[in-house]
Amino acid sequence: MVMEKREIVEGKVDWKGRTAVRGKHGGTRTALFVLATFAFENVATLALSVNLTTYFNGVMHFELADAANELTNYLGTSYILSILAAVLADSYIGRYKAVLIGGFLELVALALFAIQAHYPSLKPPPCDVFEPTSHCEKIGGGSAVLLFVALYFLAVGSAGVKAALPSHGADQYDEKDPKEAKQMSSFFNFLLLAVCGGGAVSLTLIVWIQDHKGWDWGFGVSSIAVLFAFIIFAVGLPMYRIQVIQGTTAITEIIRVYVAAIRNRNLDLPEDPTELYEIDHDKEAAMEEDFLPHRDIFRFLDKAAIQSTSIGKYGKLDAPNPWKLCRVTQVENAKVILGVLPIFCCTIIMTLCLAQLQTFSVQQGLTMDTSVTKSFHIPPASLPIIPVMFIIFMVPVYDRIFVPFVRKITGIPTGITHLQRIGVGLILSCISMAVAGFLEVKRKGVARDHDMLDAIPVTQPLPMSTFWLSFQYFIFGIADLFTYVGLLEFFYSEAPAGLKSVSSCFLWSSMALGYFFSTILIKIVNASTKNSTRGGWLAGNNINRNHLNLFYWLLSLVSLFNFFIYLFAAKRYKYRPTNPVLTNEKAKV
């Protein structure tokens, strides 16, 4: 009987609502279905993140800056919507259902893209947007409606997958089991490996199909990849550990703490924290996962837990008003969310830099010599394959060699703390933008020296290999390995139990704001520099006449300033008491 109790995984059920059993449900074997799903989903979608600018510009005839903004707006919307999707997944529909619904919407969206790309009547007449004398008709009317319906169907579907799939994968491990806690850390590393594995196929096969066989074929193959991804996900359903649906949103409880703290702002805090309200002060009960000890930070929030006796109509104690009195555990959860906000804000700039590699760097590649051999040319949109391949090689090295080696020195299960890992990525993104600026100076110098400032991209390539751009992609790829995986693991490990899906959305929301700020920054830069240059640093379709190098250096300086702010915030951050990073006192950052 005791043995059977040990096998039960608390708080998790199977797909039929029965208590999950260790060995039968969850674990690394089951997480492989999640990793495979993420890999195939990225086969379908990652190419769009780098090649849609070319589609909007070359096929739909948006101006280059507008095409870049349409892409970053789509990506930003997708990441922002992941917050709503996470709340629904955590509190109402369940994570695995959110993944299946998101996958269906992605399939519909890609099918619509394929239909529009196939039929000439649904898109503008062919026209060379790089020819100075051409007057290309921009997409409009019903065709534009179809384009944006497909685009934002894809954004909504992608939001559901991003919100629920990483957390559902982490749900296959028990944080309270030391062995499974280490396996969960490896899961987040191999999640990046799955993304890069799918991305490698997407950036080569899908991009090649789009460029050589047509956009309709490219979108069609992407549709098949999404379908295959979610067939794999559905096959794993009987083996999943499924988080019990909360029924009420944990976000509401967090908001109640802030409201109660404001309403009780005139009350005096007790000197003894044990006088604050908690439903059970029994020591054995306090060991359960639903209870968190009081911490002496953000003391103003403690006012939400100040008890005031209120006598009802019949001489009995009134039930506490949840908008005026909260448990200490609720207050501590609110402190965790408030504590991660500075870290969250400091990571926005990195995605702002990433947006330029997905847009302007691809356009740089279009002007350069893309030949690998006399008969083979690499599509510029495939250039991110360089950091992707590096990450595919580095993730196993990092997880199986670096982490165990450093773990022996630091005593930290993850080798280095989450915040140290994030910081390494932030400084590397700053270096990547500086390198990108210098390489753009070299590229424009080649164009000027060969009298090719007005050369037509693709058809009149500069005598400079597109592989020069691999330097900026390579450095940013290493930054990806450190920062984005570190963020995902940091937010998941710090978040309260009811906010695990929402926690992964801190990463997606950070990326969303980065993409939106990219759109805003481009408009601000163009507006503020239009008098000193021809319409602004980034105006027009001729990248050889633009001042992209100055824009890259501006981003590098902003990133450096942001890194110093991050160091200040990370030094002051206190990890949640149950975070495994705290197993060693040397882990200060």
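All values below come from the heavy atoms of this structure, side chains included, with hydrogens, waters and symmetry mates left out. Each residue takes its place number in the sequence, starting with 1.
Shown here for Trp537 and Asn546, the closest heavy-atom pair between the two residues is O-CB, 3.1 Å. Of all non-hydrogen atoms in Arg400 and Ser186, the two that sit nearest each other are NH1-OG, 4.3 Å. Taking both residues in full, the closest heavy atoms of Val99 and Val161 are given as O-CG2, 4.1 Å, listed atom of the first, atom of the second, then distance. Nearest heavy-atom pair, Phe516 versus Thr77, reported as atom, atom and distance to 0.1 Å: CZ-N, 3.4 Å. The shortest non-hydrogen separation linking Asp369 to Ser371 is OD1-OG, 2.8 Å. Of all non-hydrogen atoms in Ala89 and Ala164, the two that sit nearest each other are CB-CB, 4.3 Å.
Of the possible polar contacts, one joining the Thr529 side chain to the Val525 backbone as a donor-acceptor pair under 3.5 Å is found. At distances below 3.5 Å, at least one donor-acceptor pair connects side-chain atoms of Ser432 with backbone N or O atoms of Gln472. Within the 3.5 Å criterion, the main-chain N or O of Gln420 finds a donor-acceptor partner in the side chain of Thr417. A donor-acceptor pair is defined here as one N or O able to donate and one able to accept, closer than 3.5 Å; no such pair exists between the side chain of Thr466 and the backbone of Thr370. Side chain of Ser556 to main chain of Cys430: a donor-acceptor pair is present (N/O by atom type, distance under 3.5 Å, no hydrogens or angles). Side-chain N or O atoms of Thr72 include one that pairs as donor or acceptor with a backbone N or O of Asn69 at under 3.5 Å.
Residue pairs meeting the side-chain hydrogen bond (donor to acceptor under 3.5 Å, both in side chains) criterion with at least one member in residues 31-45, sequence neighbours excluded, do not occur.
Residues Phe476 and Ile431 have side chains not in contact (no heavy-atom distance under 4.5 Å, counting atoms from C-beta outward). In this structure the side chain of Ile254 never reaches within 4.5 angstrom of the side chain of Val257, judged on heavy atoms. Counting heavy atoms from C-beta outward, Gln364 and Leu469 have side chains that approach closer than 4.5 Å. Counting only heavy atoms from C-beta outward, the side chains of Leu35 and Phe187 approach each other to under 4.5 Å. Using a 4.5 Å cut-off on side-chain heavy atoms (C-beta onward), Tyr566 and Ile422 make contact. In this structure the side chain of Ser167 reaches within 4.5 angstrom of the side chain of Arg95, judged on heavy atoms. Annotation: side chain of Pro166 is in contact with side chain of Phe38 (closest heavy-atom distance under 4.5 Å). Ser559 has its side chain out of reach of Met350: every pair of non-hydrogen atoms, C-beta onward, lies at least 4.5 Å apart.
Rounding to the nearest 0.5 angstrom, the gap separating the CZ atom in Phe491 from the CD1 atom in Ile337 is 9.5 Å. In this structure, CG in Leu46 is found 10.5 Å from CG in Asn51, a value given to the nearest 0.5 Å. Rounding to the nearest 0.5 angstrom, the gap separating the CG atom in Leu75 from the CG atom in Leu52 is 8.0 Å. Once rounded to the nearest 0.5 Å, the distance linking CG of Leu48 with CG of Leu71 reads 9.0 Å. Going from atom CD1 of Ile409 over to atom CD1 of Ile416 covers 11.5 Å, rounded to the nearest 0.5 Å. Distance check: Thr347 OG1 to Asn562 CG gives 8.0 Å after rounding to the nearest 0.5 Å.
Residues satisfying the side chain to side chain donor-acceptor pair (under 3.5 Å) test with Ser222, not counting sequence neighbours, are none. Annotation: side chain to side chain contact (heavy atoms under 4.5 Å, CB included) contacts of Phe300 (sequence neighbours excluded): Phe298, Leu338. Under the side chain to side chain donor-acceptor pair (under 3.5 Å) criterion, Ser518 pairs with Gln356, not counting sequence neighbours. Residues passing the side chain to side chain donor-acceptor pair (under 3.5 Å) test with Asp296, sequence neighbours excluded: Arg299. Scanning for side chain to side chain donor-acceptor pair (under 3.5 Å) contacts around Tyr173 gives Thr28, with sequence neighbours left out. Among residues two or more places apart in sequence or in another chain, the ring-ring contact (aromatic ring centres under 6.0 Å, His included) test is passed with Tyr398 by Phe402, Phe482. A search for ring-ring contact (aromatic ring centres under 6.0 Å, His included) contacts involving Phe438 returns Trp553, not counting sequence neighbours. In this view, Phe40 and Phe228 satisfy the ring-ring contact (aromatic ring centres under 6.0 Å, His included) rule, not counting sequence neighbours. By the salt bridge (Lys or Arg N to Asp or Glu O under 4.0 Å) test, Glu332 pairs with Arg295, Lys335, sequence neighbours left out. Residues passing the ring-ring contact (aromatic ring centres under 6.0 Å, His included) test with Tyr55 are Trp215, Phe219, sequence neighbours excluded.
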What pairs of donor and acceptor atoms, side-chain ones from residues 189-208 against any protein atom, are under 3.5 angstrom apart with sequence neighbours left out?
unit_1, atom_1, unit_2, atom_2, d
Asn189, OD1, Arg421, NH1, 3.0
Asn189, OD1, Arg421, NH2, 2.9
Asn189, ND2, Asp399, OD1, 2.8
Ser202, OG, Val43, O, 2.9
Ser202, OG, Ala47, N, 2.8
Thr204, OG1, Ala200, O, 2.6
Thr204, OG1, Val201, O, 3.2
Trp208, NE1, His212, ND1, 3.4

Do Asp480 and Leu428 pass the side chain to side chain contact (heavy atoms under 4.5 Å, CB included) test, and can you show the C-alpha distance, the side-chain angles, and the key distance before you say yes or no? CA-CA 9 Å; Asp480 267 355; Leu428 285 174; over 6 Å; no

Ile349 vs Phe563, test: side chain to side chain contact (heavy atoms under 4.5 Å, CB included). Steps then yes/no. CA-CA 9 Å; Ile349 298 299; Phe563 174 71; over 6 Å; no

Determine, stepwise, if the pair Phe360 / Tyr552 fulfils side chain to side chain contact (heavy atoms under 4.5 Å, CB included). CA-CA 10 Å; Phe360 290 114; Tyr552 281 147; 4.0 Å; yes

Check the pair Tyr573, Phe490 against ring-ring contact (aromatic ring centres under 6.0 Å, His included), reporting the backbone distance first and the verdict last. CA-CA 12 Å; Tyr573 185 80; Phe490 170 69; 5.4 Å; yes

Could you give me the CA-CA distance, side-chain angles and deciding distance for Thr351 and Leu513, then say whether side chain to side chain contact (heavy atoms under 4.5 Å, CB included) is met? CA-CA 8 Å; Thr351 305; Leu513 291 174; over 6 Å; no

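For Ser510 and Tyr484, the side-chain atoms include no donor-acceptor pair closer than 3.5 Å. No side-chain N or O of Asn549 forms a donor-acceptor pair with one of Arg443 less than 3.5 Å apart. Side chain to side chain, Lys523 and Thr519 fail the donor-acceptor criterion of an N or O pair below 3.5 Å. Gln363 and Thr53 share no side-chain donor-acceptor pair at under 3.5 Å.
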